[in-house]
Amino acid sequence: MQQSGAAGGRGCALFPLLGVLFFQGVYIVLSLEIHADAHVRGYVGEKIKLKCTFKSTSDVTDKLTIDWTYRPPSSSRTVSIFHYQSFQYPTTAGTFRDRISWVGNVYKGDASISISNPTIKDNGTFSCAVKNPPDVHHNIPLTELTVTERGFGTMLSSVALLSILVFVPSAVVVALLLVRMGRKAAGLKKRSRSGYKKSSIEVSDDTDQEEEDACMARLCIRCAECLDSDYEETY
């Protein structure tokens, strides 16, 4: 039996896999189970989703409530940041004002929210509590949020992806151009040895072919210029 840190002193233990709560010597079957990600990582300025799902033995009614709370890393005090009962009621005060959005669907067992324009100051512990009377006994999962700045490694991976998207098509075009030029050179060399003279139609075809080859060469140069330009803008 695993003791719960928050309720260990009251003789309370939770069996999350069995959906059973042991409280003051009595086993209580959890009629409502809640699941949330234990750890969520995000980046400054990029919207973060805090996922929370629930399963209830009762049908969803207008009595269902959802409450999200937040606790800073160096504090034991929790603050309410979101409440739901038929309608969404995000907090209108504090650091999360106008930044909490409802992205869930109670009829699909989804109680998720999102945080817009996150900062490092948002790091901390979030909890999701759901009540769907008469289902009120449930676990309360905790989510640790870590917000950081995007580092050099992330930027490098973006540059590498951009390079691949530009370089690979350019390399294919260059390879096709080289193969075509090689075949053309071999054909001309063979014809010159045999004293072959081109007809007026073949001369016209060769002119068109030269224009096409020149166009492909300009395309390759343009792709290379785009690659250099994108690389410099990234840094």
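For reference, positions follow the sequence shown, starting with 1.
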Margin query: Just to verify, what does Lys63 make a side chain to side chain contact (heavy atoms under 4.5 Å, CB included) with, not counting sequence neighbours?
Written below: Thr61, Pro133
Note to self: By the salt bridge (Lys or Arg N to Asp or Glu O under 4.0 Å) test, which pairs, at least two apart or in different chains, include something from residues 69-97?
What the structure shows: none
Item checked: Pairs meeting criterion disulfide bond (SG atoms under 2.5 Å apart) with involvement of residues 100-129, two or more places apart -> Cys52-Cys128
Checklist line | Any residue meeting side chain to side chain contact (heavy atoms under 4.5 Å, CB included) with Pro134, in chain and number order, not counting sequence neighbours | finding: Ser58
Notebook entry, point to check: Under the salt bridge (Lys or Arg N to Asp or Glu O under 4.0 Å) rule, what pairs show up with a residue in residues 132-146, not counting sequence neighbours?
Noted result: none
Checklist line | Partner residues of Ser112 under the side-chain hydrogen bond (donor to acceptor under 3.5 Å, both in side chains) criterion, sequence neighbours left out | finding: Asp110
Notebook entry, point to check: Looking at residues at least two apart in the chain, or sitting in another chain, which of them share a side chain to side chain contact (heavy atoms under 4.5 Å, CB included) with Ala129?
Noted result: His138
Item checked: ring pair (Phe, Tyr, Trp, His ring centres under 6.0 Å) partners of Phe54, counting only residues at least two apart -> none
Checklist line | Glu46: partners by salt bridge (charged side-chain N to carboxylate O under 4.0 Å, His left out), with sequence neighbours left out | finding: Arg150
Next item on the list: Name all residues meeting the side-chain hydrogen bond (donor to acceptor under 3.5 Å, both in side chains) criterion together with Asp122; count only those two or more places apart in sequence or in a different chain, and write none if there are none.
Entry: Arg99
Check: Among all residues two or more places apart in sequence or in another chain, which pass the side-chain hydrogen bond (donor to acceptor under 3.5 Å, both in side chains) test with Thr69?
Finding: Ser127
Under 3.5 Å, which donor-acceptor pairs do the side chains of residues 81-89 form with other protein atoms, sequence neighbours left out?
residue	atom	partner	partner atom	Å
His83	ND1	Asp67	OD1	2.8
Gln85	NE2	Asp62	O	3.4

